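One structure is given here, and the rest of the page talks about it.
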Amino acid sequence: GDSSSDADVSSVMGFSGFGKKARTFDLEAMFEQTRRTAIERSQRVLVRVNIPFFFMPVLKRNRLVPSSCVCVNRKQDSDVIGPPLPPALGAQTDEDEEDDDDDDVVGPPLPPGYKHSTADDDDDDDDDMTDEEDDNPVKKIPDTHEITLQHGSKSVSALALDPSGARLVTGGYDYDVKFWDFAGMDAALHAFRSLQPCECHQIRSLQYSVTGDVILVVAGNSQAKVLDRDGFQVLECIKGDQYIVDMANTKGHTAMLNDGCWHPKIKEEFLTCSNDGTVRTWDLNSEKKHKSVFKPRSQQGKRVIPTCCTYSRDGKLIAAGCQDGTIQIWDRNLSVHTKFHCRQAHAAGSDTTCLTFSYDGVTLASRGGDDTLKTWDIRNFRKPLAAVTGLSSFFPMTDCCFSPDDKLLLTGTSVKKDEGNGKLLFFERESLQKVYEIEVADASVVRCLWHPKLNQIMVGTGNGQAKVYYDPVKSQRGAMLCVVKSKRKEKHAETLTQDYIITPHALPMFREARQRSTRKQLEKDRLDPVRSHKPEPPVSGPGRGGRVAAHGGTLSSFIVKNIALDKTDDSNPREAILRHAKEAAENPYWVAPAYKQTQPEPLFAEEEEEEVDEDQPEWKKRKI
């Protein structure tokens with residue numbers, strides 16, 4: 001008896017069958033049950049306030065029928081409340097209800113002339129197919145369209161998107177950090193700001209805080225920096241004393257930084273790791289000293305260098321990958337002993353380039369410098385859940401990340417120059433079977449980021465490009481905001497117009513006429529040969545056309561410039577002098593007029609032969 005009543009209730013509520021069609025519901029039965037409950041409640045309310053029930057319109061068989069009286073049908077065990085029906089329709093309804101009693105079918109009767117078909121089953125099959133497509137994570141990869149942001153000529157080693165997905169920040173080996181605003185960019189795809197926050201140090205890592213108002217910049221120096229959204233410095237971590245042996249007793253890092261990240265819950269706390277063998281947490285409000293220190297140790301108790309670090313999704317655990325191939329995880333509040341420790345996670349001597357937790361916080365993915373990708377269950381940290389080999393990695397910051405639905409894991413591969421294309425590979429999370437790949441460029445794929453809100457994938461490459469992959473159907477905002485804007489036309493002719501100076505108190509005779517239209521003024525200036533004359537470019541090289549390349553303000557440089565302006569050909573100096581001999585003889589000007597009275601005929605000295613005295617010593621003889 002109880003089992004049959006439970007089956008009736010299950011059939012009424014729509015979950016009588018489990019298995020293949022567990023997601024289908026008997027909506028007609030649910031509507032019928034709701035209708036009956038509503039009628040009973042309305043009747044109780046009207047009786048309570050003493051209103052005749054036959055004034056209320058009654059919902060009968062999904063139709064609203066104006067009520068003239070109340071009809072009670074005694075043929076069934078339960079009383080049915082409703083208006084009287086027309087005779088023909090009433091007879092048909094009685095037959096239908098008898099059939100309903102025989103078949104125990106809950107819900108309103110089918111319309112006359114309706115025959116059962118397999119259309120409903122087909123619809124259920126279509127729903128199942130749609131559900132299967134929704135469950136297929138490969139269908140959710142947004143790779144139909146892409147845009148390329150040109151960061152520079154060197155590798156893009158850091159990528160960061162703010163939580164809302166409005167701004168992208170890229171950093172590279174060229175020391176530059178560039179800001180890209182998707183809402184403010186047009187199709188030209190230019191960064192709105194570029195700066196070098198750490199001077200001549202390569203950018204290792206960038207990340208927005210959980211609120212998106214500040215950016216953590218980790219470079220090749222020992223001091224991490226925090227910038228605001230516009231690139232202005234908010235904090236610079238203090239540098240430690242490199243002569244202190246115990247790194248816990250100094251206030252900051254003393255060697256090059258390797259990685260850093262923000263706390264996922266506390267917006268003022270961030271984490272850094274360094275070549276000094278420590279992992280340190282910092283508070284944004286206290287720049288004079290670190291917050292806590294974690295010191296990874298080898299099996300012999302010696303210091304090892306952490307190459308990457310991260311928080312768990314709830315912020316309670318801190319994980320670090322070390323150069324000896326170990327992965328060490330601490331409780332955030334207990335900095336002495338590790339909570340989880342895997343000694344041979346990756347090959348010893350290789351840099352573990354990335355650690356990241358899944359969104360459910362159970363799985364940890366590690367990208368090793370030994371060309372592997374592994375997943376770990378932190379509850380059973382002895383051996384990996386799955387592993388993939390042969391994923392070449394040439395960069396110390398090659399990373400991996402989980403898809404927003406937590407079903408895929410993606411990472412990039414590195415290639416040598418002119419030896420193929422770098423790829424973005426997608427793996428199924430549980431078994432690490434490769435399910436998809438994207439050939440990005442003829443350079444290595446260094447960074448990858450899949451933003452959960454935008455559903456867009458950002459990729460940093462080894463040739464200075466940052467690529468954004470998106471799907472107009474599955475993605476939102478982000479790159480779709482800027483690709484629809486046309487490029488702004490540069491107006492070169494605007495430089496020809498003179499600035500209009502407003503002088504409200506000038507006399508009318510000195511007041512300039514106000515320009516009515518810029519276009520008309522441009523046309524007038526174009527006709528003026530003086531205003532539309534293009535200035536000559538500066539001379540490059542030794543100089544040509546009478547122009548000296550570089551001259552100062554001295555007299556000698558002025559004379560040199562004037563000599564260069566003389567374009568006469570003086571290739572033969574003797575001929576140039578004898579050219580004036582006849583004119584000098586006929587019309588003397590310099591020497592001959594001075595001796596015209598005293599010596600009209602020029603007299604020249606005769607050559608005398610000198611007597612050579614053989615008796616003179618050698619040092620007195622004239623040297624020929």
Side-chain angles (χ1 to χ4, degrees), residues 148-162 167-180 191 193-208 215-227 231 253 255-262 270-275 305-310 321 323 350-356 367-369 371 391-401 410-417 422-424 440-451 457-468:
T148 302
L149 308 176
Q150 191 65 42
H151 172 86
S153 57
K154 296 186 178 180
S155 301
V156 177
S157 56
L159 281 176
L161 260 172
D162 65 342
R167 282 189 178 180
L168 173 69
V169 182
T170 59
Y173 277 8
D174 54 359
Y175 324 132
D176 287 338
V177 172
K178 292 192 176 182
F179 293 75
W180 314 79
R193 181 159 294 137
S194 177
L195 50 98
Q196 292 185 354
C198 301
E199 296 177 348
C200 56
H201 294 283
Q202 295 175 349
I203 307 301
R204 309 276 298 186
S205 175
L206 294 170
Q207 190 179 17
Y208 273 94
I215 309 165
L216 174 62
V217 180
V218 176
N221 57 352
S222 61
Q223 296 171 273
K225 287 188 177 182
V226 177
L227 310 179
H253 288 295
M256 181 186 79
L257 298 175
N258 288 322
D259 198 6
C261 64
W262 286 97
F270 61 93
L271 178 73
T272 56
C273 66
S274 167
N275 277 357
I305 295 176
T307 56
C308 59
C309 58
T310 186
Q323 271 188 345
S350 64
D351 292 353
T352 303
T353 59
C354 178
L355 292 176
T356 182
R367 181 74 161 92
D371 300 343
L391 307 176
S392 58
S393 172
F394 301 155
F395 292 85
M397 64 281 296
T398 303
D399 60 357
C400 58
C401 66
L410 62 151
T411 188
T413 60
S414 302
V415 293
K416 293 182 180 179
K417 190 175 182 180
K423 296 179 181 180
L424 189 65
V440 178
D442 56 349
S444 302
V445 176
V446 184
R447 288 283 187 176
C448 58
L449 176 66
W450 194 337
H451 197 272
I457 301 175
M458 320 289 163
V459 179
T461 64
N463 58 358
Q465 293 179 350
K467 294 201 171 188
V468 182

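Basis for what follows: all heavy atoms, side chains included, without hydrogens, waters or symmetry-related copies. It should be emphasised that the depicted structure is a prediction, and the values quoted were computed from it without experimental measurement.
For W262, the ring pair (Phe, Tyr, Trp, His ring centres under 6.0 Å) partners two or more places apart in sequence, or in a different chain, are F270. Take D371 and apply the salt bridge (charged side-chain N to carboxylate O under 4.0 Å, His left out) test, not counting sequence neighbours, and it matches no residue. For L391, the side chain to side chain contact (heavy atoms under 4.5 Å, CB included) test picks out R367, L373, V388, T411, T413, L425, F427, with sequence neighbours left out. Partners of D176 by side chain to side chain donor-acceptor pair (under 3.5 Å), not counting sequence neighbours, listed by chain and number: Q196. Under the side chain to side chain donor-acceptor pair (under 3.5 Å) criterion, S155 pairs with no residue at all, not counting sequence neighbours.
Remark: L271 CG to T310 OG1 distance equals 7.5 Å, nearest 0.5 Å. Rounding to the nearest 0.5 Å places CG of L161 at 5.0 Å from CG of L168. Expressed to the nearest 0.5 Å, how far CG of D259 lies from CG of D399 amounts to 9.5 Å. Interatomic distance, L206 CG to L159 CG, rounded to the nearest 0.5 Å: 8.0 Å. A distance of 7.5 Å separates OG in S194 from CG in D174, rounded to the nearest 0.5 Å. Taken to the nearest 0.5 Å, the SG atom of C200 stands 9.0 Å off from the CG atom of N221.
Side chain of S444 to backbone of S414: no donor-acceptor contact under 3.5 angstrom is found. Side-chain atoms of T398 never come within 3.5 Å of backbone atoms of S393 as a donor-acceptor pair (strictly under, hydrogens ignored). Under a 3.5 Å cut-off, the side chain of S274 and the backbone N or O of M256 do form a donor-acceptor pair. The backbone N or O of P306 lies less than 3.5 Å from a partner atom in the side chain of N258, making a donor-acceptor pair. Remark: the backbone N or O of H151 is paired with a side-chain donor or acceptor of K178 at under 3.5 angstrom. Looking at T307, its side chain does come within 3.5 Å of a backbone N or O of G321 through a donor-acceptor pair. K225 places no side-chain N or O within 3.5 Å of a backbone atom of C198 that could act as its donor or acceptor partner.
Here the closest heavy-atom approach between residue V445 and residue G422 is recorded as CG2-C, 3.7 Å. Minimum interatomic distance between G220 and R204 (heavy atoms only, all atoms of both residues): N-CG, 3.9 Å. Heavy-atom minimum distance, Q150 versus W180: O-CH2, 3.5 Å.
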So C448 and L424, side-chain contact (heavy atoms from CB on, under 4.5 Å) or not? Walk me through it.
CA-CA 8 Å; C448 58; L424 189 65; 3.8 Å; yes
Candidate pair R167 and D162, rule salt bridge (Lys or Arg N to Asp or Glu O under 4.0 Å), full reasoning:
CA-CA 6 Å; R167 282 189 178 180; D162 65 342; over 6 Å; no
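The closest side-chain heavy-atom distance from K423 to V440 is not below 4.5 Å. Taking 4.5 Å as the limit, some side-chain heavy atom of I203 sits within range of a side-chain heavy atom of V177.
At a cut-off of 3.5 Å, with distance as the only test, no side-chain donor of N275 or H253 sits close to an acceptor on the other residue.
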Expected list for residues 458-466: side-chain donor-acceptor pairs under 3.5 angstrom, two or more places apart:
residue	atom	partner	partner atom	Å
T461	OG1	N463	OD1	2.4
T461	OG1	Q465	N	3.3
T461	OG1	Q465	O	3.0

